Amino acid sequence: MRLVILGSTGSIGRQTLDVVRDTLASRQMHITVLALTAHSNIDLLQKQIEEFHPASVCVTDEEQAEILKKRDPPCEVLSGETGIIQVAGLAEADTLLSAIVGIAGLKPAVAFIKSKKSKKSEKSNKSEKSGKTLALANKETLVTAGALVTRLAEERNVKVLPVDSEHSAIFQCLDGINSPRRIYLTASGGPFLTWSKDQIKHATLEAALKHPNWNMGKKITIDSATMMNKGLEIIEAMWLFGLKTDKIKVLIHPQSVIHSMVEYDDGAIIAQLGTPDMRLPIQYALTYPKRIFTPYERLDFMKYKSLSFEEPDYDKFPALRLALKAAEVGGLLPAVMNGANEEAVKAFINKEIPFTQIAGLIEHVMRSYYLIRAEMGGEKFDYTIDDVLQADAWARKEVMKF
Ligand code: NDP
Ligand code: MG
């Protein structure tokens, strides 16, 4: 496999390199790391260059890219948006794992889907009928532009494989023959599951960053606290599996042992279980359809007294309700919601707004957008990447007005 990792310095990026290291050590599969990208963490990127010897790297922050170039690392150093698009579009790559956070992942994902395949990678991939593989952790790509990305991928014969644990679980439970009656998207409920609405009003950044089961980047950790993460995952699931919202049921399951489930017409429910360890879905996206040995901790049922389930509380977690609305309306509304969420989360992380204002601001922006759209004659469904980026920029500006 000739692999490019976007966002290799982040939580998913680092765990992807753990998987690559362990896979190489066990000699179960050969992986060549062609290129890595970071936004600002050049010290870690430099260590990754020394260990994995990529031919190219890209640092999207121009200043940090200049500093890295001066250190004269043994690879090509690209920078900015043009650099990351170039790296994502490398003809020699057969697999791209996108672990960038936010809508910044959209253009590179599209560049990968549109990229040509080199003769070399065609040869090394002879057994596979399909073309390239996009292993997608960056859920914002599908949330903001799912219709466009999935259509393009189909046209270009690019497989889009989920890395998100719930979606990987569903992907593993689908049998490829029967369409599901519904899917159960499990959710831990985040750090505020047992808090009252009043307590949540006073939630601090430190409390919101303490996720009970997963150790992730800051943005997705806050998304888990508001439950917007599950909302984004509803939209992600719609595009990955071609389902409408009425077939997607969110189920609170605080232990995060069942990663998600699929129910069929005959009443059978197939679930995928495992430890809460992202290296498992990352590895499956890289080795699919094969399963290879991992040295990681295995699920020990005796450690769990019980597995429990609850309905989500839409009143306590209004972001989930807003995401459901965006999912139902479709068009550019999910991109507007996502842009507002990214900006509001940033403001919360910078301690500029209280926790509950995240959902408050998103709702305000979605309502304003809805009114403007109504005046323009309704939602736009046949959108381009530029439409999505404009909707995103507009939503961010609306948030910043506050
Ligand atoms: P992190 O914040 O830990 O990492 C983000 C990565 O993206 C870093 O490498 C960062 O670079 C880079 N980056 C940040 N901003 C930009 C930008 N503007 N342009 C290009 N690169 C950028 O995030 P996570 O790893 O937690 O999450 C990544 C994605 O995976 C998200 O979409 C998230 O929803 C999804 N995901 C994450 C899970 C997890 O367990 N962490 C689980 C399921 C999905 P640098 O650090 O160098 O600044
Ligand atoms: Mg998830």
Side-chain angles (χ1 to χ4, degrees), residues 5-18 36-49 57-65 67-68 78-85 87-88 97-109 111 135-144 162-171 185-190 209 211 213-224 227-237 240 250 253 256 258-260 272 274 276-282 285 338 341-342 345-346 349 389 392 396:
I5 305 170
L6 305 182
S8 63
T9 48
S11 161
I12 293 288
R14 293 191 306 266
Q15 293 180 83
T16 303
L17 285 172
D18 287 345
L36 299 173
T37 80
H39 182 62
S40 57
N41 191 349
I42 52 169
D43 291 339
L44 178 58
L45 183 64
Q46 204 171 354
K47 286 192 188 125
Q48 294 177 343
I49 294 169
V57 297
C58 173
V59 180
T60 37
D61 182 298
E62 298 282 0
E63 265 178 42
Q64 294 303 312
I67 299 173
L68 182 65
L78 300 162
S79 66
E81 193 181 279
T82 43
I84 201 163
I85 301 250
V87 159
L97 190 137
S98 176
I100 292 176
V101 60
I103 197 174
L106 176 58
K107 276 193 180 173
L136 209 51
N138 177 258
K139 60 191 83 183
E140 294 90 346
T141 292
L142 290 177
V143 169
T144 57
V163 169
D164 213 348
S165 59
E166 297 78 358
H167 304 74
S168 174
I170 291 160
F171 180 63
L185 209 54
T186 55
S188 72
L209 284 174
H211 195 281
N213 304 342
W214 300 93
N215 188 5
M216 312 178 283
K218 273 191 187 165
K219 193 257 176 184
I220 184 176
T221 306
I222 301 302
D223 283 348
S224 301
M227 287 206 65
M228 175 54 91
N229 183 49
K230 211 46 56 181
L232 300 177
E233 289 183 355
I234 292 174
I235 305 174
E236 185 185 11
L240 280 169
V250 173
H253 167 48
S256 297
I258 298 179
H259 295 313
S260 276
Q272 189 260 331
D277 182 342
M278 283 308 296
R279 290 173 300 184
L280 216 136
I282 291 170
N338 181 75
N341 181 54
E342 285 193 29
V345 168
K346 206 192 289 169
I349 290 174
L389 296 174
D392 172 74
R396 285 167 191 270

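Whatever order the structure lists them in is the order used to number ligands and atoms, beginning at 1. All values reported here derive from a predicted model rather than from experimental measurement.
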> Any side-chain heavy atom of W214 within less than 4.5 Å of one from S165?
Replying inline: yes
> Do any N/O atoms on N41 end up under 3.5 angstrom from N/O atoms on ligand 1?
Replying inline: yes
> Which residue from G80, A38, P162, S11 reaches closest to atom 24 (P) of ligand 1 through any of its heavy atoms?
Replying inline: S11
>> Do K139 and N229 have side chains that approach each other closer than 4.5 Å (heavy atoms only, starting at C-beta)?
In response: yes
> Sub-3.5 Å donor-acceptor pair from the side chain of T37 to the main-chain atoms of G7, do we have one?
Replying inline: yes
> Atom CD in E166, atom CD in E233: separation rounded to 0.5 Å?
Replying inline: 4.0 Å
>> Starting from atom 25 (O) of ligand 1, what is the nearest protein heavy atom, named by residue and atom, and what distance separates them?
In response: I12 N, 2.9 Å
> So is G10 polar-close to ligand 1, meaning N/O to N/O under 3.5 Å?
Replying inline: yes
>> Check for me whether K139 has a heavy atom closer than 4.0 Å to any atom of ligand 1.
In response: yes
> If only atom types and distance count, is the side chain of H167 paired as donor or acceptor with the main-chain N or O of L240 below 3.5 Å?
Replying inline: no
> To the nearest 0.1 Å, how far is atom 20 (C) of ligand 1 from its closest protein heavy atom, and which atom is that?
Replying inline: T60 OG1, 3.4 Å
>> Is there a polar contact, in the sense of an N or O pair closer than 3.5 Å, between T9 and ligand 1?
In response: yes
> Considering distance alone, does some N or O of S165 sit under 3.5 Å from an N or O of ligand 1?
Replying inline: no
>> Checking a contact table here: which protein heavy atom is nearest atom 32 (O) of ligand 1, and how many Å away?
In response: E140 OE1, 2.7 Å
>> Which of the numbered atoms in ligand 1 are under 4.0 angstrom from any heavy atom belonging to M278?
In response: 40 (O), 42 (C), 43 (C)
> Closest non-hydrogen protein atom to atom 11 (O) of ligand 1, residue and atom name please, with distance?
Replying inline: H39 N, 3.0 Å
> Can you tell me how far the CG atom of N338 sits from the CD1 atom of I103, to the nearest 0.5 Å?
Replying inline: 6.0 Å
>> Please report the interatomic distance CD1(I12) to CG(L17), rounded to the nearest 0.5 Å.
In response: 12.0 Å
> Is the number of heavy atoms from other residues, nucleotides or ligands under 6.0 Å of E62 CD greater than 12?
Replying inline: yes
>> Heavy atoms only: which of V59, T37, D164, I100 lies closest to atom 44 (C) of ligand 1?
In response: D164
> What is the closest protein heavy atom to atom 40 (O) of ligand 1, and at what distance does it sit?
Replying inline: M216 CG, 3.2 Å
> Below 4.0 angstrom, N of the basic side chain to O of the carboxylate: do D223 and K219 qualify?
Replying inline: yes
> Quick one: nearest non-hydrogen protein atom to atom 48 (O) of ligand 1, plus distance?
Replying inline: S40 OG, 2.7 Å
> How close does the nearest protein non-hydrogen atom get to atom 35 (C) of ligand 1, and which residue and atom is it?
Replying inline: A137 O, 3.1 Å
> Does D277 use its side chain to pair, donor to acceptor, with the backbone of R279 at less than 3.5 Å?
Replying inline: yes
> Is it true that D18 and R14 make a salt bridge, defined as a side-chain N closer than 4.0 Å to a carboxylate O?
Replying inline: no
> To which of I220, T221, T16 does the heavy atom nearest atom 36 (N) of ligand 1 belong?
Replying inline: I220
> Can you check whether N229 has an N/O within less than 3.5 Å of an N/O in ligand 1?
Replying inline: no
> Going by distance only, is there an N or O of A104 that falls short of 3.5 Å from an N or O of ligand 1?
Replying inline: no
> For atom 26 (O) of ligand 1, what is the nearest protein heavy atom, given as residue, atom name and distance?
Replying inline: G217 N, 2.9 Å
>> Determine whether a donor-acceptor pair (N or O, by modelled atom type, separation under 3.5 Å) exists between the side chain of S260 and the backbone of T186.
In response: yes
>> So, of the N/O/S atoms that E233 has, which is the nearest one to the Mg ion (ligand 2)?
In response: OE2
>> What is the name of the N/O/S atom of E166 that is nearest to the Mg ion (ligand 2)?
In response: OE1
> Do L232 and M228 have side-chain heavy atoms sitting under 4.5 Å apart?
Replying inline: yes
> Of all the N, O or S atoms in D164, which one sits nearest to the Mg ion (ligand 2)?
Replying inline: OD1
>> Measuring from atom 6 (C) of ligand 1, which candidate in A99, S8, P281 has the nearest non-hydrogen atom?
In response: A99
> Does a donor on one side chain and an acceptor on the other come within less than 3.5 Å for N213 and S256?
Replying inline: yes
